[in-house]
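Chain letters run A, B, ... following the sequence lines, proteins first, then strands; residues in each count from 1.
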Amino acid sequence: MAELTEQEQIRRNSLAELKNLGINPYPAALYEVNCKSAEILEQFPKDNTLFQNVSIAGRIMSRRIMGAASFVELQDSYGRIQLYIKRDEICPDEDKTLYNTVFKRLLDIGDIIGVTGYVFVTQMGETSIHVKSLTVLSKSLRPLPIVKEKDGVVYDAFSDPELRYRQRYVDLIVNPQVRETFVQRTKIINTMRSFFNEQGYLEVETPVLQVIPGGAAARPFITHHNALDMELYLRIADELYLKRLIVGGYAGVYEFSRNFRNEGIDRTHNPEFTCMEIYVAYKDYNWMMTFVETMLGRIAQELHGTTKVNVWGHEIDFGGPFRRAPMCELIKEQTGYDVENMDEQQLRDTCKALNIEVDETMGKGKLIDAIFGEKCEPTLIQPTFVTDYPIDMSPLCKRHRDNSNLTERFELFVCGKELANAYSELNDPIDQLERFQEQLRLSEKGDDEAMFIDMDFVRALEYGMPPTSGMGIGIDRLVMMMTDEQNIQDVLLFPLMKPEKKAAVTTDEDFVKHGVPAEWVPVIRKAGINTISQLKAANPNKLFNDLGGLRKKMKLDIPAVRKEQIESWINK
RNA sequence: GUCUUGGUAGCUCAGCUGGUAGAGCAAUUGACUCUUAAUCAAUGGGUCCAGGGUUCGAAUCCCUGCCAGGACACCA
């Protein structure tokens, strides 16, 4: 077992002392709460007859003790409020243990308590609760990072990203703006959900474990089902299932879908992430653009009270209507090249002229996409619908009504990043099968993201799917934009981290089994020996001296160890 | 995957050309009845990420590894 730090040991001692005083540090009974910190701070200054009998619970975030009176900052789920605790108020009788011992000595920053009392304003003008009674609700055994703040300046911020993501609970306790980000994330999702529900679209759930990972071009995670003894894939998208449901007759279906892609991890990619996909029958991609505009405007409005949002240093207006421009037009605008009617070789030459890296596996679509990605994407700051993509980039999308080399597809770009992707969905089963087969050829050419053929999906289309428009939007990216976060890890509660390394430590029992008396185990650890192998490699004379010195230094009341003993441990 | 920066007390960080580790907050003890980054006094607290090397001597220099951040590449 790892050694406890001094502060942890002190808290455990306090815990034991609380128990000795007959106080349960983890009581079972509910604690009646009748108000919220934020409500008090908002309403009391306007009407000071309110809150004269409050009961509130939360975590102690700071303490200022002045003899027989103290101030505590109590944090509940809604904010912080100051408590004024006076000894003779919570201990009206002779016995002052609750204040002098329990509150002043045995409670710490991080402990959770409940108090009752009345609200007043201090001489310094701070709305506070005058405490009449105090109940210990949960003792905290680890010290929290202490973050202080004055006039908007934060001191000693808890900012190490590794600690923040690994121990998100600590991050949430001490960084209120982090708690707020996740409230906003949920608000965004709720806004979308109501928007869809109002129009009668049905929220559904489709399989995460799939036999054929379809609906996107991406590398999947593979897992194994024991009873069936077969490989299964974690979904990379839910598109093909939702379209089966449109075949089944629903007017519109949507899903907030956790997807898994076995690709790189960086500032904008996590192996599991959330997409919202929606499919609506009898619509096309023009209708969908308007739908998306309305949805985004509404989200911004709900969240910020305006459609103008600061995103990564730009003021973005989600008010719409957004610019709509065909991909080839944008390329022409940025590069001067008209790629619309070029063949593969001409495209390669153009890439070369523009200094864009290409490789042999890239077909026409990927070449055009490379030019677009390099030259156009970064310029699309205000929301822009990029429309009419080349056909071999979009195997699930309907051909353009005016040009059969293009598709009725749009992507929405904001701040140079793709935010949403939508089609007039391909519902011609024969064309769909051919497109899948083309993907197979790309795959054979070496494109490891080309799609699998899903024959059941083709079969579904053969029964007839109404003209349908579908749209997918990256929820994590949307939340990043709406909350002005640069990092996907800041909008995911628990981003994937590599496991913490566990130092291979020998347990105390192992040392005892090895012949070391239990009372000496902490001492030899103190001497820097934490494994049996370290012990065996130790110099007996040095260890003998060290242990003698430590015995004195640690003021241990145990007999001195003999050198023969040490030799027996080492030679065992 | 490549390059790059970092890992020192519970937290935030200093630590120069190598000489046995320091501050603030937190903690402990004490003073103080309206404080608010409370204040004052005293005290304790470290496997300087891990492992190797150079050296009389390494937190510091070198190598390897682990973890994290950033940039680039890859990724609809």
* In whole Å, what is the span from the CD1 atom of A:Ile81 to the P atom of B:U35? -> 18 Å
* Asked: Touch check for A:Phe372, heavy atoms < 4.0 angstrom, all strands: base, sugar-phosphate only, or nothing?
  -> nothing
* Asked: Given the C1' atoms of B:A23 and B:C62, what is the spacing between them in whole Å?
  -> 31 Å
* To do: Scan side-chain atoms only and decide if A:Arg235 and A:Ser257 contain a donor-acceptor pair under the 3.5 Å cut-off.
  => yes
* Asked: Given that A:Met497 and A:Ala69 both sit by RNA chain B, which one's nearest nucleotide is further toward the 5' end?
  -> A:Ala69
* To do: For nucleotides B:A14 and B:U8, find the distance between their C1' atoms and express it as a whole number of Å.
  => 10 Å
* A:Tyr165 side chain to A:Asp490 side chain, donor-acceptor N/O pair below 3.5 angstrom -> yes
* Below 4.0 Å: OP1/OP2 of B:U33 and any side-chain N or O of A:Lys86 -> no
* Gap in Å between the two P atoms, one belonging to B:A50 and one to B:A59, rounded -> 11 Å
* To do: Just call it for A:Glu73: base, sugar-phosphate, or nothing, with non-hydrogen atoms closer than 4.0 Å on any strand.
  => nothing
* When we call it a touch if two heavy atoms are under 4.0 Å apart, what does A:Asp369 touch: a base, just sugar-phosphate, or nothing? -> nothing
* What interatomic distance, in whole Å, is found between C1' of B:C56 and the corresponding atom of B:C49? -> 27 Å
* A:Arg64 vs B:U35: side-chain N/O to OP1/OP2 distance below 4.0 Å -> no
* To do: Answer yes or no: is there an ion pair linking A:Glu272 with A:Arg258, defined by an N-O contact shorter than 4.0 Å?
  => yes
* What interatomic distance, in whole Å, is found between C1' of B:G46 and the corresponding atom of B:U20? -> 13 Å
* Structure fact -> If pairing means Watson-Crick or G-U wobble with both distances under 3.5 Å, then the partner of B:G51 is B:C63
* Would one find a side-chain N or O of A:Arg142 under 4.0 angstrom from OP1 or OP2 of B:C11? -> no
* Asked: Rounded to whole angstroms, how far apart are CE on A:Met66 and C1' on B:G30?
  -> 16 Å
* Determine the interatomic distance between P on B:C3 and the same-named atom on B:C63; round to the nearest Å. => 13 Å
* To do: Give the rounded distance in Å between these two atoms: OH of A:Tyr165 and C1' of B:G70.
  => 12 Å
* To do: Look at the aromatic rings of A:Phe372 and A:Phe413 and report parallel, tilted or perpendicular, splitting at 30° and 60°.
  => perpendicular
* To do: Let me know the distance between CD1 of A:Ile90 and P of B:U33, rounded to the nearest Å.
  => 15 Å
* **Gap between atoms NE2 and C1', on A:His269 and B:C72 respectively (whole Å)** => 14 Å
* Structure fact -> B/S/- along nucleotides 22-29 of chain B (protein heavy atoms under 4.0 Å) is --BSBSSS
* Any chance the side chains of A:Ser469 and A:Ser424 put a donor and an acceptor closer than 3.5 Å? -> no
* Asked: For the ring pair A:Tyr423 and A:Tyr285, is the centre-to-centre distance below 6.0 Å?
  -> no
Find every protein N or O atom lying less than 3.5 Å from an N or O atom of nucleotides 40-43 of chain B, and list the pairs.
none

* Euclidean distance for C1', B:A9 against B:C48 (whole angstrom) -> 10 Å
* To do: Rounded off to whole Å, could you give me the CD1-to-P distance for the A:Ile265 and B:C67 pair?
  => 12 Å
* In terms of the nearest nucleotide of RNA chain B, which residue is placed more toward the 5' end: A:Gly264 or A:Phe158? -> A:Phe158
* Once you apply the 3.5 Å cut-off to both distances, tell me the Watson-Crick or G-U wobble partner of B:A71, or none. => B:U2
* Asked: Heavy atoms under 4.0 Å, any strand shown: does A:Asn13 hit a base, just sugar-phosphate, or nothing?
  -> nothing
* Are the charged groups of A:Glu89 and A:Lys132 less than 4.0 angstrom apart, N to O? -> yes
* Hey, does A:Arg261 reach any base, or is it just sugar-phosphate, or nothing, if we go heavy atoms under 4.0 Å? -> nothing
* Electrostatic pair A:Glu344-A:Lys364, nearest N-O below 4.0 angstrom -> no
* Asked: Over how many whole Å does the gap from A:Glu126 atom CD to B:A38 atom C1' extend?
  -> 13 Å
* Establish, from distance only, whether the side-chain atoms of A:Arg409 and A:Ser394 form a donor-acceptor pair under 3.5 Å. => yes
* Establish, with yes or no, whether the OP1 or OP2 oxygen of B:G69 is under 4.0 angstrom from a side-chain nitrogen or oxygen of A:Gln489. => yes
* Verify whether one side chain among A:Tyr84 and A:Ser70 offers a donor that lies under 3.5 Å from an acceptor in the other. => no
* To do: Rounded to whole angstrom, note down the P distance from B:G10 over to B:A71.
  => 31 Å
* Please answer whether the main-chain N or O of A:Phe273 pairs with a side-chain N or O of A:Asn270 as donor and acceptor at a distance below 3.5 Å. => no
